[in-house]
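Data block below; observations after.
Keep in mind that the numbers below use all heavy atoms, side chains included, and drop hydrogens, waters and symmetry copies. Letters A, B, ... mirror the listed sequences (proteins, then strands); counts begin at 1.
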There are 2 protein chains.
Amino acid sequence: MDDLEVRELRYFVAVAEELNFSRAAQRLGMAQPPLSRAIRGLERRLAVQLFERNTRQVTLTAAGQTLLEQAAVALDVVSAVARRTRRAGASTPSLVVTAKPGVTTGLLKRIVDSYTTLPATPPVEILVSGYRQQADMVRDGRADLALLSSPYDRRGLEAEPLTTEPRVAALPSDHELAQRGALRCQDLQGLPIPQWPESSPAERRYWSGRDRSWSEIGSVTPEPAEPVSGPVVSDSAQLLEVVGLGQAVALIPSSVARCNPRPDIAYRPVSDASPYTTEIAWPEGSRAQPIALFVRTAINLTADELDRDYADVS
Amino acid sequence: MDDLEVRELRYFVAVAEELNFSRAAQRLGMAQPPLSRAIRGLERRLAVQLFERNTRQVTLTAAGQTLLEQAAVALDVVSAVARRTRRAGASTPSLVVTAKPGVTTGLLKRIVDSYTTLPATPPVEILVSGYRQQADMVRDGRADLALLSSPYDRRGLEAEPLTTEPRVAALPSDHELAQRGALRCQDLQGLPIPQWPESSPAERRYWSGRDRSWSEIGSVTPEPAEPVSGPVVSDSAQLLEVVGLGQAVALIPSSVARCNPRPDIAYRPVSDASPYTTEIAWPEGSRAQPIALFVRTAINLTADELDRDYADVS
DNA sequence: TGGGTGTTATACCCTGGAGGTATGGATGAC
DNA sequence: GTCATCCATACCTCCAGGGTATAACACCCA
């Protein structure tokens, strides 16, 4: 019927988070009575009770809880839309591509070079971003495209895989497992794994080799066998250093191993580890021509490598 | 800064689609001058020109095109939020699960049976939906969960795989390929393939066995080697009939083949066909407890089968 | 039990802005 | 040049969103 308004959603979220109309009003920079009225109007229009309230306490109903999580999504979408539009209308519109430093930068450079030779393409701005912020930057409209490696939070994004390579175990050379030719994920269980800052459970599972068939949403109980958490690292150089010192073992993409031969580290294939995949991601629903063209360029450029690596994996 | 309002987005979309303020105003049930003013206000607030307009014609700027596609996404999200909230606040809230008739119904029944025995679960409403409407129903808030098979439009959804099974070729028994033991996708090229109504390019590639490494967004040029389009079918019974009559060949999940032995059809493995996967999907960002519990139940119930089928495939 | 306090709801007012009408002014068709 | 079309401007109206004051209610504590 008649739509919700963004203002109403903002009001609702404030009240739902504070669970207190007065404080929420303060946070919104307005008086309490109009806020109460706005919420009442929202409830009447949705024909749904959002709060259970008496004069002493406010609680969310089931419908209110639904609206709270959903409104957050909607508000994020709307503000991302605004940012994208603003960027698209800038005096010198550019295509902003974000990637982490390291593995992807070489690949990214080749894609950009190939893209900019095409006719009528906007200038490309490369935004180097830290710890897996790539997805966030595309989600909230600061970037148009991201080169990132799975697993990552796919919400609000669409993506295509670009490159796939097997992962290998990086072990201290004097580690007992370094004696063996090939390993399985299970061999690594219980060993300390380097931790990335602010990593999600899904990421920890991936980097510890326990990511086959595990769900994010379903895990109401904490999953068993949390891996031993090793030292926190923030880039691959630091990671290798930690491994070399014997403080951890790690599952790393084979290209990183190839490019970093070290006497203190042994690399061993892990037959059942899920591969390392680099993807290109863009905002959900975006079919803008410069973005589509960049994606196509990236896919064309990596198609043959992808096939070759598929062969490696299987 | 200050957010966009839903009303403004609706106004903008109307004008952008009509490219005519008067007609757009008419469509919106309002007069033209306030609409012009609203758009001006929007442009000023975004500090972006959305339309190139003289008194005779209106055209979208690049920023306007961006906003048009993005606003459509945002409006869909907002109205889906409203519907979900309304449903969550219904007098007898139920969990609405949608699936297509056929393969999934047996699986769905087992999941529902297992779910309803759990304590404090809402009643489950099963919504049988037609041609791949499952994703749409979850996207727009009419359903909480969907059992569906990839490929499908993942926008606005999160999903987990449940079951995987290899696909086999269904051939008329007297077809020359039926003489051979095993096939490859390439053997099927050029043969007529049954078409589902309103199928997307990605779906057509999947069902014709050409879905490895092809992008939706990047295909600015029509992809080569469009498969010969066969008769239009709307369910698997019809599909088998068409194959039996020699009008087409099809790539179908092995379970369908197992359950439908027919003298007029030969089933042959296709070694490089991507597998048939059934997934469970829920609205992006939803972590509501009944939904999460259902997903977990589904995953637990299919975990062993999944593992077994993984072994089959590799 | 009665006052104090924090909190929401009600009553009432006020103002800004959304929307309407009338009309101007530009542009292309003929 | 004239006419039709369509966006912009000017000006008016009115209501909804917001403010202030205060009542009503629930809980705490003496």
How long is the line joining CG of A:Leu35 and P of D:dG17, in whole Å? 13 Å
Whether B:Ser22 contacts D:dC7 is assessed here as follows: a side-chain N or O lying under 4.0 Å from the phosphate OP1 or OP2. Is that the case? yes
Please state whether the phosphate of D:dC7, meaning OP1 or OP2, lies under 4.0 angstrom from any side-chain nitrogen or oxygen of B:Asn20. yes
Salt bridge or not between B:Asp3 and A:Arg7? Use side-chain N to carboxylate O under 4.0 Å. no
Phosphate oxygens OP1/OP2 of D:dA26: is one of them under 4.0 Å from a side-chain N or O of A:Arg53? no
Atom-pair distance (CG on B:Leu19; C1' on D:dC6), nearest Å: 14 Å
Take atom CD of A:Glu8 and atom P of D:dG18, then tell me their distance rounded to the nearest Å. 10 Å
With a 4.0 Å cut-off on N to O distance, would you call B:Arg87 and B:Asp144 a salt bridge? yes
Assign B:Ser36 to base, sugar-phosphate, or nothing according to its heavy-atom contacts below 4.0 angstrom with the strands shown. sugar-phosphate
In plain terms, say whether B:Glu5 and B:Arg45 are close enough for a salt bridge, that is, a side-chain N and a carboxylate O under 4.0 Å apart. no
Measure the distance from CZ on A:Phe51 to C1' on C:dT7 and round it to the nearest whole Å. 14 Å
Given atom CD of B:Gln26 and atom P of D:dT5, what is their separation to the nearest angstrom? 13 Å
Hydrogens and angles aside, do A:Glu125 and A:Ser94 bring a side-chain donor and acceptor to less than 3.5 Å of each other? yes
A:Arg10 CZ to D:dG17 P, in whole Å, measures 13 Å
How many whole angstroms separate atom CZ of A:Arg40 from atom C1' of C:dT8? 9 Å
Summary of protein contacts for nucleotides 14-30 of chain C, nucleotide by nucleotide, where a base hit scores B, a sugar-phosphate-only hit scores S (4.0 Å, heavy atoms): ----SBBBB---BBS--
Whole angstrom is fine here: how far is it from CD1 in A:Ile39 over to P in D:dG17? 12 Å
Regarding B:Arg154 and the six-membered ring of B:Tyr152, is the cationic atom NZ or CZ under 6.0 Å from the ring centre and inside 45° of its axis? yes
For B:Arg27, is there an ion pair with B:Glu18 - N to carboxylate O distance below 4.0 angstrom? yes
So, are B:Asp76 and B:Arg139 salt-bridged, with charged N and O less than 4.0 Å apart? no
